[in-house]
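See below for the structure under consideration.
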Amino acid sequence: MSHSEHQAAQKKLETAPPAPPLTLVIFGAHGDLTKRLLMPALYNLADMKLLDQDFRIIGIDHSDDDTHRWADSLTQTIHSFVGDHTAEFHPDRIDETAWSWITQRLEYVKGDFGDDATFRGIGDKVVDRNCIFYLAVAARFFGPLVERLGKAGLLKETPSAFRRVVVEKPFGRDLPSAQALNAQILKAANEKQIYRIDHFMGKETVQNILALRFCNALFEPVWRREYIDHVQIMAAETIGVEARGGFYEPTGALRDMVPNHLFTLLAMVAMEPPDAYNSDAVRDERAKVIEAIAPVQPQDAVRGQYGAGTVQGKPAKAYREEQDVARDSTTETYIALKLAIGNWRWAGVPFYLRTGKHLKTRRTEIALHFKPAPVALLGAQQGNVLTIALDPEEEVAVRIDVKTPGMLPRLSAVDMAFRYADNFPVPSRVGYEILFYSVMNGDTLLFQRADQIEAAWAVVQPALSAWEQDKSAPEIYPAGSAGPKAADDLLARDGRIWESL
Ligand code: BG6
């Protein structure tokens, strides 16, 4: 696309109306999430003129700071992202007008999350104002913070002031804790006030799955057991646990990625068509399909942990050598699952999921493998595969068999592809822009409802319970490889292989 075509397309994309006036209260002002993702997203919204003039941000954290210093450190951080392609947000430049529009609206408040005075102080600042409370804090604070907000009367809505709470992940660490957290939160607020984030829902490629499936007549008729052999969903990462050992060690790959991100992808690809594009209709269907997944059998769950190796040419140490990780850790950094969905559309079609750290390549994608054509007219077929790629490519591709040019009737597999970058401008977005915009406008469609979250934990609970009993270590795979051998065996048992990494 030429530059002027890009600009014209950009204009067309951003005619959404600005959000209403509101105060955004961020618990965890000094946290990594605030710096890396929330502020860039707010800056992008400001740049797109999607925030109201009367928009304010209050940042709360335990440590000493003041508004000036906080603003200065955020300014430094956002500028450090320019041109840094390893950061989620990597703009070519920062528009100073848009950024100072944000910094003028910042206020830092030092406050203890366990002290009633903190909440009284917030209350005084947001009288009669629309308010979003964003819990960008460690998961142990979620329940107590919502309880205190409720106790302080801050979640009481009036016709002129909405009150909404955004809860980050991880939402619980198993089924009982997720149920308890939902119960605790829903005592203080009603479901419509709660926005449980899964940042995968902020990705255009994920939202596009519903457009692809339900706004084209071509795909949906074959999107079912009669035509699909199996589905693979993967989130392969090249990064290790980095500095997050403290979080990762008691969490592991399954809790970190599966009931949230991978199930989000599964729900989007496997759900029934909603009656309408609204929150209730779409969330009903997402929850229904997760509820239809049979609890995973422990023999259908494979764990791995990375050992030392080489990732993309660079030496990588073993997980057990990472900071804040036990030297005899049994935490999994890789997980593969085989799942069965017990409904008319999917009965008999296995869904294979895998995710891991320090793998050979970075790739997040869904691949629907179709059954072969019933008659092999031109000899052996490779078979059709429809791939929805999220990362690093953003594309939808269909692998098809075509006649190889030449005298002989032979087939070759080629791709028909739609690439975002070829058709639309792809500015540096972090995915939180649309999530913020949705919360501001009271749209819960992209967020996880209590029933969906609990249904997801119910599916993985048998594996979690089995591992609690079985203290043996996961299979070690070399960093930079395609994962543990047991994961290949999981598919080989069914006569199938993983998409290559
Ligand atoms: C986070 C996990 O939720 O998602 C990380 O905690 C993981 O461990 C990340 O790396 C992956 O997200 P993305 O958008 O980079 O694929």
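Side chains included, hydrogens not; waters and symmetry mates left out as well; all remaining heavy atoms used. Predicted model only: the values in this text are computed from it and were never measured. Just so you know, ligand 1 is whichever comes first in the structure, and atom 1 is the first atom listed for that ligand.
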With a 4.0 Å cut-off on heavy atoms, is E242 in contact with ligand 1?
no
Stepwise, does the side chain to side chain contact (heavy atoms under 4.5 Å, CB included) test hold for F55 with L24?
CA-CA 8 Å; F55 171 66; L24 170 67; 4.1 Å; yes
N/O separation below 3.5 Å, D391 to ligand 1
no
Note: ligand 1 atoms sitting under 4.0 Å from heavy atoms of R362 are 13 (P), 15 (O), 16 (O)
Would you tell me whether Q305 and R320 have side-chain atoms, one donor and one acceptor, within less than 3.5 Å of each other?
yes
Do any nitrogen or oxygen atoms of R244 lie less than 3.5 angstrom from nitrogen or oxygen atoms of ligand 1?
yes
Evaluate side chain to side chain donor-acceptor pair (under 3.5 Å) for T264 paired with D198, printing each intermediate quantity in order.
CA-CA 8 Å; T264 284; D198 177 343; 2.5 Å; yes
Give the contacting part of R363 toward ligand 1: side chain, backbone, both or neither, where contact means a heavy-atom distance below 4.0 Å.
neither
Which atoms from ligand 1 have a heavy atom of K169 less than 4.0 Å away?
1 (C), 2 (C), 3 (O), 6 (O)
If you measure from each non-hydrogen atom of E88 to ligand 1, which part falls under 4.0 Å: side chain, backbone, both or neither?
neither
Where's the contact between Y248 and ligand 1, heavy-atom distance under 4.0 Å: side chain, backbone, both or neither?
neither
Is the closest heavy-atom distance from K203 to ligand 1 below 4.0 Å?
yes
Atom pair CD/CD of Q452 and E291 - distance to nearest 0.5 Å
9.0 Å
Could you measure the distance from the CD1 atom of I94 to the OH atom of Y43? Nearest 0.5 Å is fine.
4.5 Å
Output the distance between atom CD (E204) and atom CG (L390), rounded to the nearest 0.5 Å.
11.0 Å
